[in-house]
Each structure stands twice: as structure tokens, then as C-alpha cells.
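Values in this document were obtained by computation on a predicted structure and should not be read as measured data. Per chain, numbering begins at 1; letters A, B, ... match sequence-line order.
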Protein chains: 4
Amino acid sequence: MHAVHQLEEDAGAPLIASPLPQTSGLSIARRTSDINLIKMTASASDIAEIIARSIAAIIGVGPGTGRAVSLRFAREGFSVALVGRTASKSKSIEDEIKSIPSFQGKVASFSADVTQESSLRKAFSDIREQLGDPEVLVYNASGFARGGILDLKTADVEGALRSSTLGALISVQEVLPAQVKNKKGTVIFTGATASKKGSAGFAGFAIGKWGLRALAESTAREFGPQGVHVSHVIIDGVIDVENKDIDGRIDPEGIADTYWHLHSQHPSAWTFELELRPYREKW
Amino acid sequence: MHAVHQLEEDAGAPLIASPLPQTSGLSIARRTSDINLIKMTASASDIAEIIARSIAAIIGVGPGTGRAVSLRFAREGFSVALVGRTASKSKSIEDEIKSIPSFQGKVASFSADVTQESSLRKAFSDIREQLGDPEVLVYNASGFARGGILDLKTADVEGALRSSTLGALISVQEVLPAQVKNKKGTVIFTGATASKKGSAGFAGFAIGKWGLRALAESTAREFGPQGVHVSHVIIDGVIDVENKDIDGRIDPEGIADTYWHLHSQHPSAWTFELELRPYREKW
Amino acid sequence: MHAVHQLEEDAGAPLIASPLPQTSGLSIARRTSDINLIKMTASASDIAEIIARSIAAIIGVGPGTGRAVSLRFAREGFSVALVGRTASKSKSIEDEIKSIPSFQGKVASFSADVTQESSLRKAFSDIREQLGDPEVLVYNASGFARGGILDLKTADVEGALRSSTLGALISVQEVLPAQVKNKKGTVIFTGATASKKGSAGFAGFAIGKWGLRALAESTAREFGPQGVHVSHVIIDGVIDVENKDIDGRIDPEGIADTYWHLHSQHPSAWTFELELRPYREKW
Amino acid sequence: MHAVHQLEEDAGAPLIASPLPQTSGLSIARRTSDINLIKMTASASDIAEIIARSIAAIIGVGPGTGRAVSLRFAREGFSVALVGRTASKSKSIEDEIKSIPSFQGKVASFSADVTQESSLRKAFSDIREQLGDPEVLVYNASGFARGGILDLKTADVEGALRSSTLGALISVQEVLPAQVKNKKGTVIFTGATASKKGSAGFAGFAIGKWGLRALAESTAREFGPQGVHVSHVIIDGVIDVENKDIDGRIDPEGIADTYWHLHSQHPSAWTFELELRPYREKW
């Protein structure tokens, strides 16, 4: 999309972008992403093939955000790895993706318990074997221990922390090495209202979501300069999981739209954090 | 763009979106914006004509953000009002816009001193007369009084406050009534690193930029529920004003890309604030 | 108070603190403040005389925070300059201070319109002449333009900005040179809920209070390393101005207590910002 | 301390505070804390005895903050429970406390591994048996997993999370029931620079400290209205642990001074969060 406008604007410019200045051994395409560069120089069928080699791994695939983001990246040409507690539950999303007329990539489901390190690492190992190294990681899983301070069981809070933070840490550890090597990668963490507000009765959710936000910041500061775009998106509202167009709820496609935009942002103008909320949400 | 995916996804769905539930007297198109709806039902030439009636007013047009944002909205089919201290300085941008092959809208330049209420109100009155009511307002002007605390002249700080905050207040007052009436509008305020950090030596900039951020929040909370999307974008880095592809500087087109995305966001998933910074910026 | 504990704890230590390491030409007493040092080495009557030479200037003296803070610093031995729009209105506070049995300092009222630079500068000039250089500045004035975005008059907002930000800038400019020279000073800005939240209907207050917070941060970062303690206190609740012990309202003496604590903090452990809110306030 | 000023100011007022309005079944003494009320009505020896029944439990007692806070509350008349990994290590602090001339309370050390629920709960059970219900809790323990994102072992991060967040949760669960019953209590969590900044290389510390801050907020919002003052203090600088008066480091007594102030704050003017940093710290 960017490329199109480039072409319109810089009609007389050469189609091959001039090499960029090397900075600390890192070269990042400016003004046009690599993919856009390809668009400008390759035939349509070449493009589709090349893009389909790009892989997005979505961790925590349910009917709301996970489904919508998976569909969106698939529609943009990505191969998609769907990771959920039970792979069979992603079957319908797999089918939706396969039925996208223009889809030429691969899609596969993987089972993983994000609270169990070996289970989660195995899923990434399987993804790499079946699809390749993920260029995009969306970490969408989280855990919730319900109740007031005096009601919380430490085992439940610990489980929530494993889902919300340790699973995310393991996931970025699995994808970053290849992203750094390829000098290209996007990592998006899904946050919530509880990511920056510790409300009464929500400690068992907030501890983990604040922890995830900390992880996101540390990861962004360490890997941004190495060419990996790390973002944290705060979903501030109730998601319209069943796609019933309920006024005041967040349309998951709206979320997917912004996740795609974050992936598409120019490396000179990256967003680390933004919130998404319905037009009439109180905040 | 959203519409395209809708069509792909909901192949069997009727092309006319079903009416939305009325909430507090406000009806906002969900899943498809009005313009996208038009795209789905109208012929290509009809669309171009209808979109060209949409007007974006860019206040503070210079060679960086202002130019890039103006070009972007023009390329997307908007008519554009360029407001700067000296209208003649926008002449080259006007020419650039007119030379966009697909451009069918109008473009005009207006002189205004944003620190002078009558001058600024006159500009909006002229915009309405020549182009119509702006659906989009980008407030990109700001003022800067340089020096440490003991060096600052109150007159200079007051001037900076007028540019950064009062000019913005006047501008939203000029566009909001029509946006509310039309239940459609986007207002984007351009912030800076100094919008949330008061560094030593930068009080004469920060006072105004923090004030603008406050204005943005108050405006968003008052008018979001009325269907106007208000955003505040923090530009956290040095802008590559002369478009020289300097590594570590922000490409103005990257900024324009995100401003357009903000305008395009689904009303159920709006962003109030985000920051844009180069991949290797320290923060 | 600190000194007392020092004496208890370091019973065998010499009463005269050893000279501190010079850092960037700045020497700041550590472990004991200068006043505490005096307490340890001087007779009671000497102490009272020396402390009474310390001056606190309170800008914006009303029946709530201004009165309570003035009384507190007076009770701690400070001479006090009361600055309000109408000096005669501070007469009753002057009388209260003079009736404190142990009070040996001076107290005087000064008229100033904080929105008028010459008026405010004249007040500080009078303070210096009659009392001396203020070691402590409390800026407690602010301005408020009421109404929604469309109701605000720019002249009113400009007046609010003058009270909330320009008056504060002028005030610190008046006291900082002597504070830096003496390597000793405390500046406390009074903030409000609207200092970090831009609520609907409060733009005409928030713009100025956010601006003040920016000024406070910039001043703290510039002058902290020069030995001046700059703080910003967010009053998050309704003040019990008439001292009627209304449950849920803030007791002004509670505010004064914390202002005094901020002044008393050890230079190695300064607080820039804190909020004060009633135990049952919703936040 | 507050009481003293009250007496000076309200010389003619009755010494027994009038009953407060009951709000939601909660009565909190305003203008004078219960202890201050006692001070006004009881003989000196009565007071000492009554105060000595107040217990402060300090979790995570080392040579810096833990020692200084323990000494401070002991000097103010509190009985003190010192909780550390190895009780014998607190022996010297116990001795320091016992040698305070005016000290009439009790002091005892308790071993606990804050990462082991049963160990920590046992320590609180012992505290209650030997000293009584803690009116004050200071949670000062934390865990740190060092290294960049790719170096972190999940087991280490999990251990850090247990120290920084789960140990804190268990601790508040142990003290809150009695504090709520007595309508009186103070809980202070010790934070760090990493409590609100996720720096590169500090994820293994920040995840837990952000999580603790979330826990603190949720606890404050749930229990503040029930009369328990919950605070979070961000120590933004290097602590001068060995008390060597190193310029630029934080004197632990400065920290203790502010912890005591937080405990002393009037219920109508409580601070949830503040930071403590050296006058010349960069922030």
C-alpha cells in the first residue's frame, strides 16, 4: 500500500531503492519496506509466492482477537500458525483462512499450554519445522485469577502470571533470534485495561498484565535498535467476541486492522504502545 | 480497504449494511465506514466524486509533517485546506497535490496567524466558504520559547501557549459543530517528546505541549461519544524534514501513514494516543 | 526532628557534621539538614532567632491550603509572606500566626494579581525588602475557565493559563537566584486532579494545570542538581475549606503536613511528585 | 507530632475529639489519629505502653532500607518484627533497636523464604503469636533475574516473580484482616526505578516490580475505603547501603523518614505513590 503511494508520488524515481546508510551493522529499508520493494520490481505471481513465505504466529487463538488477527494476516498473504490450548478448536479458523480466495500461504494449528514451558517450546519447534521462522508474533494469551485480595489463591495467581508473562517471554525467546538475523520482525503483545490500572478486585489479572507490559517495554528497548518492531496494544473495552455488532463493544476486525497497521509502520515511525477503545467507552 | 476485506470475507452478505442500533440518539456505522459503504454500492466515478467532497484542514503546513499529511489525504481523495502563516509558502505543496494523477478534489491555501484569534477564525470561515466543513482537522502548529527557567520571557512563553494551545482550541471550536451534526469527524493533534516530559531547558515548549495534550484528552472525552475521533500523536524524534533519508530521523510519510490509519480506524476500536519514534531512538 | 533521631542513633558521634564531599561545586548537607545542624550546636533561643530568618512565601492564600500551609511553616519557626489578590483578606491569617505562642518570626501580607507580571514582580520585590529572600515558595494559585469545549472563551482560557502557569514561572524566577546562591530552597507547586486528567468539561482548567506540571518538571530537572527541591503535589479530592470535618473531604492541615515533610526531606531522598486524596476517594 | 500542633492551634478545643460521622459503617478519626488522641489524654508512661503495643512487620530486612525503617518505627515506639531469609542476620539490628534509650517495645527476628508460601505464612503466624497483629507492614523483598531477554531462564524469572509479587500478596493477606477489623493499618510496598520503566536488560526485574505496583494499586483501591493506607514508594536511585555518605546515593534514613511520614498522614490526605531520588539523580 505504501509502495503504491510511493509510485504515485515519486513517479520519476528509480524502482530500486538506493542502499541505506549502514548503522551499527544494521541496514533497514527506509521509505519502502522490503516487501513493498518487491512489489515494485516483481510480477504479481512472484509477489504472492514471496509473501506467502512470511509467517505469522498467533499465540492464544480464540473467537475474538486471535481469529480476526489470523484472518487479517492471511488475507495480506501471510502463512499463519494458530496456537491454542486445543488445536482442534482452531479448525474452523483454519477453514476460514483456506477459503480466502486469494490465499496462497499455509495455515496450521498447534496445541500448546502456554503455562508449560516444554509444551510451548515444542509448539514453536513444530512451527519452525512445518512453516518456518515467524516474522510476526502476536502474543494474545493471558491468565486471570478472580477475586478480591483476600480471596486470591497464590497457585491461581502464579498460573495467571505464567500465562500472561512467562509464556510471552518464552515466545519472544523463540522468535527473536531469527528476527534479529533477518533484521526484520514484528512482535505484538495484547494488553488490557488492567495493563495500566490496578482496580479493586482485579489484582489477579493486573499483576500479570502489568508484568507483560514491563516485558514488552524491555523487549522493545533491547530489540528495536536491532530492527524488530515490538508493540503493546491496550484493549480498553469489551470485545464483541461473537461478532454480533453490539454497540459499545470492540469489533475484533478493528483490532486486527490496527495490528496490521503496526506491522506495516515505517521503521522510522514506530509505535510502541496504543490503546483501542470504543467511541463511547468511559476512560 | 476495510471494505475490500469485508467483501472477501462476507462474500454472501448483502452489500448494504443493516441499520445500526440507535444509542443515545447516535448512529455510527459499524464494520464498514460510511465511505466504505459507498464504495460497495457506487460506481468508481461516483465514489471519487463523493469522497472529494470530504475536506481535511491541515493547520501548520511546513515541509515535514504538514506537507506529508496533506499529500496523503489528497491521495486518498480528500479535498485539502492548507493553513500556514504565509499562504504563498504552501504553493509548492498545492502544486504537488494538483499533480497527483488521480486527484479530483480541491486544494487551497489559507494564511493565518494561529496566535491571533480573529486571523485564525477568518481562515476557517474562508475554508468553509471555499471548500466546505472539514471532516478532518490536523492541528500541527506549536510555539517554542527557548532557554532555561531564568531566561524565559513571559511574553515569549505566552506566545508559545497561544500557538500550542489556544490556536488548537479555536480550531476545534470551528470544526466540531459540523462534525457533531454529521456524526463524523477526525481531529488529530500533533504532540512531541515534550508533551509528556518536562526536560531541563524545555519549559517554554513543554508548558504548551502538555497543555495541548490536556485539551486533546478533554476534547476526546467530550466528543468521542458524539462520534468524533480525537487523537493525540506524540512525535518522539527528529523529523527528516528535508526528506533526505537520514537514518534515525522520522520519515514524514511514516507520520502521514499513521495519521491516515487513525482516521480509518473503526469507531469501536479508536486510539486516543500513540507515539511515533525511529527504531533506534532511545526512550 | 531528623536531628533528634540522629542524636539518639549516633550517640557517640561528634555534634558537628563533617564537611561533605564537594560535587560539581555544590555542597549539600547530608544526614542532617543545616537547620538540624544548628539545632544540635546552638542554644534554644539562638535556634529560634536563626530559623526566624528563613522565609516562606505562599502565593495564593485562601482559607484552605494557603492558610494551613502558612500556619504550619509559621509554627515551624518560619517568617511568612502571604500573597493574595487582596492583602486585607489575609489579615485574619496574619492574626492567627501572630497569636502562635512560640512564633518569633515576621508575617506580612502582600497584594498581587498573579495574572499581571508587574504586579506579581512588585510583590516579590516588596517581600525581599520587608522580609528577605524566600527559602520556600509555595505556588498555590490557579485559574479556571468553565464549560465544555464549545463554550470556552479564549480570553478566559488565556486568563486561566496566566494564573496557573505564567504566574508560577514568574514566581520561581523571583526566588530561584537566591536559592541557588544559598544552595538551599524548596519550591512546591499545588496541582489538582486535573493536572494529569483532561476530563470532559474541564479543558479550561486542565490546560493550565498540565502546563504547571510541565513547568514543575522542567524546573526540578534544571534546579534539583543545584540544590533546590522542586515538588508538585496533586490534590485529588475536594478540600474541606471551612474546616468542618466533612468526611471524604481533605483536611487542609493534612496537606500542610505533607508540604512540610517535602521541605524536610533529605536531599538524597527527594520526592518530586505525590498525590493527596481522602481514604475513600475513588481514583 | 500532628497532635502537638493541634494543641498549639486549637488551644481552647476539648481534648477528646468529637465522634466522626459514620460513613458506610466506617469511622476514621479525623484531624487527630487515634494515637495522637491518646497522647492528648494520657500520661507519658501510659502513652509509651500503649504505643508499644503497635507492631510493625518489616519483610526483607537488609542493611539498607529494611534496617533504617525498622529503627525508625522502633524509635517512634513501635514493636518490630524483622523478617529475613536468615533470622540470625537481623541480630545486629535487633541489638541496635534494643539499645535505643527510649525503646520500650519488643523486637524479634523471624526467618522466612518469601518465595515459599508455607514458610512465609509460618513467619506471620509466629509474629502474631509472639508480638500480635501488625498495624504496619513494609514489604521490602524483591527478586531479580539478570540478563537480556534471550539470556533469561524462566525458572529464574518465576523465582523473581515469587519474591516480588506473590510474597507481597501473601503478606498483605496475612495482615489485612486485623487491619480492617481495627479500622487502622498501613501497608508500604518498596518499589524501584524498574517499577515503571522496562529498560533493556532489566526484564527479569521489571516484570515483578510492575506486578508489585499493580498489586499495590489494587490493594489500595480495595482497602483504602476500609481504613487501610496502602502506599507504593519508588526508590529511584542507588541506596547508600553501607551508610558511607556517598554523594548521589540515597541515605536509607531519608527513606525511613518518608515511610514514617506516609504512616503519619491524615486519612483525608493520603498518598498512594511517590518516588524518592537523590537531588542530582538524572530522571
Side-chain angles (χ1 to χ4, degrees), chain B residues 116-118 120-121 145 148-155 157-158 160-162 164-170 172-174 176-177 180 187 194-226 228 230 232 272, chain C residues 116-117 120-121 145 147-155 157-158 160-162 164-170 172-174 176-177 180 187 194-226 228 230 232 272:
Chain B
Q116 299 301 324
E117 180 161 6
S118 57
L120 188 52
R121 294 210 186 270
I149 292 293
L150 299 179
D151 304 319
L152 292 171
K153 308 283 178 227
T154 47
V157 177
E158 203 162 7
L161 280 167
R162 278 209 198 96
S164 294
T165 68
L166 296 177
L169 172 62
I170 292 163
V172 292
Q173 287 181 335
E174 291 288 329
L176 282 169
V180 168
V187 173
S195 295
K196 42 182 207 174
K197 182 162 189 184
S199 300
F202 284 82
F205 187 43
I207 297 174
K209 293 308 272 186
W210 287 50
L212 176 68
R213 198 177 172 222
L215 172 66
E217 265 202 28
S218 290
T219 308
R221 288 201 172 94
E222 184 174 353
F223 290 94
Q226 300 182 55
V228 179
V230 179
H232 180 252
F272 167 65
Chain C
Q116 299 300 324
E117 179 161 8
L120 187 52
R121 294 210 184 270
I149 293 292
L150 299 180
D151 305 318
L152 292 172
K153 308 282 177 223
T154 48
V157 177
E158 202 161 9
L161 280 168
R162 278 209 196 97
S164 294
T165 66
L166 295 177
L169 172 62
I170 292 163
V172 293
Q173 287 181 334
E174 290 288 328
L176 281 169
V180 168
V187 173
S195 296
K196 39 183 207 175
K197 182 163 188 184
S199 299
F202 285 82
F205 188 42
I207 297 173
K209 294 307 274 186
W210 287 51
L212 176 68
R213 196 177 174 222
L215 173 66
E217 265 202 27
S218 289
T219 308
R221 288 202 171 93
E222 183 174 354
F223 290 95
Q226 300 183 55
V228 179
V230 179
H232 181 252
F272 167 66

Below 30° counts as parallel, above 60° as perpendicular, anything between as tilted: where do the rings of B:F272 and B:H232 land? parallel
Residue pair B:Q116 / B:R162, side-chain donor-acceptor N/O under 3.5 Å: no
With a 4.5 angstrom heavy-atom cut-off, could you sort out which part of [X] is near chain B: side chain, backbone, both or neither?
{"X": "C:F205", "answer": "neither"}
{"X": "C:L176", "answer": "side chain"}
{"X": "C:R213", "answer": "both"}
{"X": "C:I170", "answer": "side chain"}
{"X": "C:L169", "answer": "side chain"}

Contact part of [X] toward chain C, heavy-atom cut-off under 4.5 Å: side chain, backbone, both or neither?
{"X": "B:S199", "value": "backbone"}
{"X": "B:I149", "value": "both"}
{"X": "B:E117", "value": "side chain"}
{"X": "B:K209", "value": "neither"}

Look at B:A220, B:A206, B:A214 and state which one has the largest set of heavy-atom pairs under 4.5 Å with chain C. B:A214
Determine the option with the most heavy-atom pairs under 4.5 angstrom with chain C, choosing from B:S195, B:G208, B:A203, B:G211.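 That would be B:G211.
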Closest contact, heavy atoms only, B:L215 versus B:A168: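 Shortest heavy-atom separation between B:L215 and B:A168 comes out as CD2-CB, 3.6 Å.
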Which heavy-atom pair separates C:A160 from C:G204 by the least distance, and what is that distance? CB-O, 3.6 Å
For the backbone of B:G198 and the side chain of C:R221, can you confirm whether one donor and one acceptor N or O come within less than 3.5 Å of each other? yes
So, the side chain of C:W210 versus the backbone of B:I207: is there a donor-acceptor pair under 3.5 Å, distance only? no
Under a 4.0 Å N-O cut-off, is there an ion pair linking B:E217 with C:K197? no
C:F223 atom CZ, neighbour heavy-atom count above 12 within 6.0 Å: yes
